[in-house]
J.: 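One structure coming up, written as structure tokens, with questions to follow.
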2 protein chains.
Amino acid sequence: MSTVSKEDYLRVIYKNLEDGILVNASLIAEQLQISNAAVSEMLRKLSNEKYLSYVPYRGIQLLQKGKIEAVKLVRRHRIWETFLYEVIKVPWYKIDEEAENLEHSSSDDLIDRLEGFMNNPEFDPHGHPIPRKNGFVPKQKKLVKLSEFKVNKSGFVRKVNDQSSELLHHLFEIGLTIGKKFSVIEKRNFDNSMVIEIENRNHTVSEKLAQNVFAEILR
Amino acid sequence: MSTVSKEDYLRVIYKNLEDGILVNASLIAEQLQISNAAVSEMLRKLSNEKYLSYVPYRGIQLLQKGKIEAVKLVRRHRIWETFLYEVIKVPWYKIDEEAENLEHSSSDDLIDRLEGFMNNPEFDPHGHPIPRKNGFVPKQKKLVKLSEFKVNKSGFVRKVNDQSSELLHHLFEIGLTIGKKFSVIEKRNFDNSMVIEIENRNHTVSEKLAQNVFAEILR
DNA sequence: AGATTGTTTTAGGAATACCTAAATTTAATA
DNA sequence: TATTAAATTTAGGTATTCCTAAAACAATCT
Ligand SMILES: [Mn+2]
Ligand SMILES: [Mn+2]
Ligand SMILES: [Mn+2]
Ligand SMILES: [Mn+2]
């Protein structure tokens, strides 16, 4: 049977695979803040229960059973995030943490009702696709990392990494949120930081920050 | 520290005390569907941690620490119930079960926002008072059990027992929900069942049912 | 009072999900 | 290839929350 713990493992695995990242035990340990030993044990269990296949040092793949569970959980997570943000107006940088708990505590029926209440949104407030009830995951246009934008290019923010609430807090402060238009004014070679214009104001952003923002290039 | 389990114990204890019921170990065991042995152990723990005082055979009293926790949880529970019912339109008889889980998975901040979103409701969809953030519990008018209504008397439903979702389902079917007006048409002495009129339709209700509905007497 | 019934506790376990410290194994590098 | 570094597993625990069966205790009835 699936439990809160197992669901969290599956969601982390799914999310990383979704981004094309190789998922091994230590990555999970780091992201869930759990010891490597505990993760090792849990992976054995999840593997025995046919949720995933795991070849040490080579990475994890979700099996059908695990993928179905993971997609369900991601669906719950993202529907809650969207609902909290759009309907309840919970601040952008707080929704992930809140959804982290709610995702394990709501019936399928409630999730479907929330989805209907919002008129079936396709993407969450971080720009991540919301899996539909039937498991289909909406596709996104080709996106480019902000850090790869050249000087004078403009774009629309379409996705941000939601791993760090501090990052989100800062992005929110400078107005770099989903849908916003920006232009790259300047790029410094020695540290790859950039100056970008958002709503007529200039902001300097580090390379690290720019690597966590994904945008659609204009023209 | 408080956990999901402990919170459930505290909520059950509070809810029964609220109704003036003597709470002993076996009552909790029955309501939480847990063995007497497990309840006995947990009560020892809760007592050691100063959540409650427990004199075997004489009942349980919440101590300050336990009361504060319990009121918080009941607040969460009832705000969720109200929200699910009023905003999301989850059916009446489903909200308790859903709130049962959500109550453990939402921050104080979220609860306050939900409350604000609904304009600070005072009672939940079963007619139970919603404790305020500061711990104050709204008072209700004096209510009378439907089973104690005399023939020809009328009243307004103000509170129902939410222990059984089957009861709620049935009450909903015959329209005996919060705020509805009814009149007692007939009362049968041999089994204390009654015929009551609700919205121009007559319904026969058992004594058992009538003991779980509380109303304000008209005139 | 003695017997019966109901309530509570004890004894002994089980499952889940963690932990630290110490191996072990594999991968990467000099 | 030898060494070092990183990833993984094992060993031995702990905490929490539940279980059944049996014993102990208290309240109530005859
Ligand atoms: Mn979670
Ligand atoms: Mn998200
Ligand atoms: Mn609960
Ligand atoms: Mn209620």
Side-chain angles (χ1 to χ4, degrees), chain A residues 1-14 16-17 20-63 65-66 69-70 73 100-101 103-105, chain B residues 1-14 16-17 21-63 65-66 69-70 73 97 100-101 103-105:
Chain A
M1 229 229 3
S2 202
T3 63
V4 169
S5 267
K6 286 179 182 172
E7 287 183 345
D8 277 339
Y9 278 82
L10 292 175
R11 185 173 44 67
V12 163
I13 293 165
Y14 178 91
N16 283 285
L17 291 177
I21 293 167
L22 183 140
V23 183
N24 55 21
S26 58
L27 181 82
I28 297 174
E30 194 209 310
Q31 294 190 5
L32 287 180
Q33 299 267 72
I34 285 173
S35 73
N36 286 320
V39 172
S40 178
E41 278 171 46
M42 182 60 104
L43 287 178
R44 182 157 23 95
K45 230 181 295 181
L46 289 170
S47 176
N48 285 339
E49 292 167 22
K50 308 278 182 240
Y51 283 102
L52 49 82
S53 77
Y54 172 39
V55 184
Y57 300 93
R58 314 308 294 277
I60 293 164
Q61 290 304 130
L62 289 175
L63 299 179
K65 186 178 168 193
E69 274 291 300
L73 197 73
E100 186 59 49
N101 299 314
E103 66 189 359
H104 310 287
S105 313
Chain B
M1 229 225 9
S2 202
T3 62
V4 168
S5 267
K6 285 178 183 172
E7 286 182 347
D8 278 339
Y9 278 83
L10 292 174
R11 186 174 42 68
V12 163
I13 293 165
Y14 178 92
N16 284 285
L17 291 177
I21 294 166
L22 183 140
V23 184
N24 57 19
S26 58
L27 181 81
I28 298 173
E30 194 209 310
Q31 295 190 4
L32 288 180
Q33 300 266 74
I34 286 172
S35 73
N36 284 323
V39 171
S40 178
E41 277 172 48
M42 183 60 105
L43 287 178
R44 184 159 18 97
K45 230 181 296 183
L46 289 170
S47 175
N48 285 339
E49 292 168 24
K50 308 277 182 242
Y51 282 101
L52 48 82
S53 78
Y54 172 39
V55 184
Y57 301 93
R58 313 308 294 277
I60 293 164
Q61 291 303 129
L62 289 176
L63 300 179
K65 188 179 167 192
E69 274 291 302
L73 198 72
E97 196 190 338
E100 186 59 49
N101 298 314
E103 67 189 358
H104 311 287
S105 313

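Every chain is numbered from 1, with letters handed out A, B, ... down the list of sequences. FYI, side chains are in, hydrogens and waters are out, and symmetry mates aren't considered; it's all heavy atoms of this structure.
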J.: For A:Ser40, which residues count as a side-chain hydrogen bond (donor to acceptor under 3.5 Å, both in side chains) partner, sequence neighbours excluded?
T.: none
J.: Which pair of non-hydrogen atoms, one from B:Tyr9 and one from B:Ala38, has the smallest distance, and what is that distance?
T.: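 Answer, listing the atom of B:Tyr9 first, then B:Ala38: OH-O, 4.0 Å.
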J.: What about A:Tyr57: does its side chain form a donor-acceptor pair under 3.5 Å with the base of C:dT25?
T.: yes
J.: What are the 5'-most and 3'-most nucleotides of DNA chain D lying under 4.0 Å from any heavy atom of chain A?
T.: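 Answer, 5' to 3': D:dA7 to D:dT10.
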J.: Quick one: is C:dA17 close enough that its OP1 or OP2 comes under 4.0 Å of any side-chain N or O from A:Lys45?
T.: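 True: A:Lys45 side-chain N/O within range (under 4.0 Å) of C:dA17 OP1/OP2.
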J.: Looking at DNA chain C, which of residues 48-55 of chain B put a heavy atom within less than 4.0 Å of it?
T.: B:Tyr54
J.: If you measure from the Lys or Arg side-chain nitrogens to the Asp or Glu carboxylate oxygens, is any gap between B:Arg11 and B:Glu100 under 4.0 Å?
T.: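 Looking at B:Arg11 and B:Glu100, the cut-off is met.
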J.: Using 0.5 Å steps for rounding, measure from the OH atom of B:Tyr51 to the CE atom of B:Met42.
T.: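 Interatomic distance, B:Tyr51 OH to B:Met42 CE, rounded to 0.5 Å: 10.0 Å.
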J.: Please give, in whole Å, the distance from C:dT26 P to A:Leu22 CG?
T.: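 Distance check: A:Leu22 CG to C:dT26 P gives 17 Å.
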J.: Hey, are the side chains of B:Val39 and B:Asn36 touching, using non-hydrogen atoms and a 4.5 Å cut-off?
T.: no
J.: Give me the atom names and distance for the closest heavy-atom approach of B:Leu17 to B:Ile21.
T.: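 For B:Leu17 and B:Ile21, the tightest heavy-atom pair comes out as CD2-O, 3.8 Å.
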J.: Quick check: closest heavy atoms across A:Val4 and A:His104, and the distance to 0.1 Å?
T.: O-CE1, 3.7 Å
J.: Apply salt bridge (charged side-chain N to carboxylate O under 4.0 Å, His left out) to the pair B:Glu49 and B:Lys6, showing each step before the final yes or no.
T.: CA-CA 11 Å; B:Glu49 292 168 24; B:Lys6 285 178 183 172; 2.9 Å; yes
J.: Ignoring hydrogens, what is the shortest heavy-atom contact between A:Glu103 and A:Asp8? Give both atom names and the distance.
T.: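 Of all heavy-atom pairs spanning A:Glu103 and A:Asp8, the closest is OE2-OD1, 3.2 Å.
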J.: Polar atom pairs between nucleotides 28-30 of chain C and protein, under 3.5 Å, N or O only, would you list them?
T.:
none

J.: Do any pairs count as a salt bridge (charged side-chain N to carboxylate O under 4.0 Å, His left out) and have a residue in residues 22-48 of chain A, sequence neighbours left out, and if so which ones?
T.: none
J.: Heavy atoms only: give me the nearest A:Leu43-A:Ala25 pair and the separation to one decimal.
T.: CD1-CB, 3.7 Å
J.: Could you tell me how far apart A:Arg44 (CZ) and C:dT16 (P) are, to the nearest whole angstrom?
T.: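 Taking atom P of C:dT16 as the reference, CZ of A:Arg44 is at 13 Å.
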J.: Going through the checks in order, is the side chain to side chain contact (heavy atoms under 4.5 Å, CB included) test met by B:Leu73 and B:Leu10?
T.: CA-CA 8 Å; B:Leu73 198 72; B:Leu10 292 174; 5.8 Å; no
J.: Can you name the nearest heavy-atom pair linking A:Tyr14 to A:Ala70, along with the distance?
T.: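 Shortest heavy-atom separation between A:Tyr14 and A:Ala70 comes out as CB-CB, 3.7 Å.
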J.: Please work out if A:Ser26 contacts a base, only the sugar-phosphate, or nothing of the nucleic acid, heavy-atom cut-off 4.0 Å.
T.: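 A:Ser26: backbone/sugar contact only, no base atoms under 4.0 Å.
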J.: Between the protein and nucleotides 18-20 of chain C, list every N/O to N/O distance that falls short of 3.5 Å.
T.:
unit_1: C:dC18; atom_1: OP1; unit_2: A:Ser5; atom_2: OG; d: 2.5
unit_1: C:dC18; atom_1: N4; unit_2: A:Glu41; atom_2: OE1; d: 3.1
unit_1: C:dC19; atom_1: OP1; unit_2: A:Ser35; atom_2: N; d: 3.4
unit_1: C:dC19; atom_1: OP2; unit_2: A:Ser35; atom_2: N; d: 2.8
unit_1: C:dC19; atom_1: OP2; unit_2: A:Ser35; atom_2: OG; d: 2.7
unit_1: C:dC19; atom_1: N4; unit_2: A:Glu41; atom_2: OE2; d: 3.1

J.: May I have the distance from A:Ile28 (atom CD1) to C:dA17 (atom C1'), rounded to whole angstrom?
T.: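 Roughly 15 Å, once rounded to whole Å.
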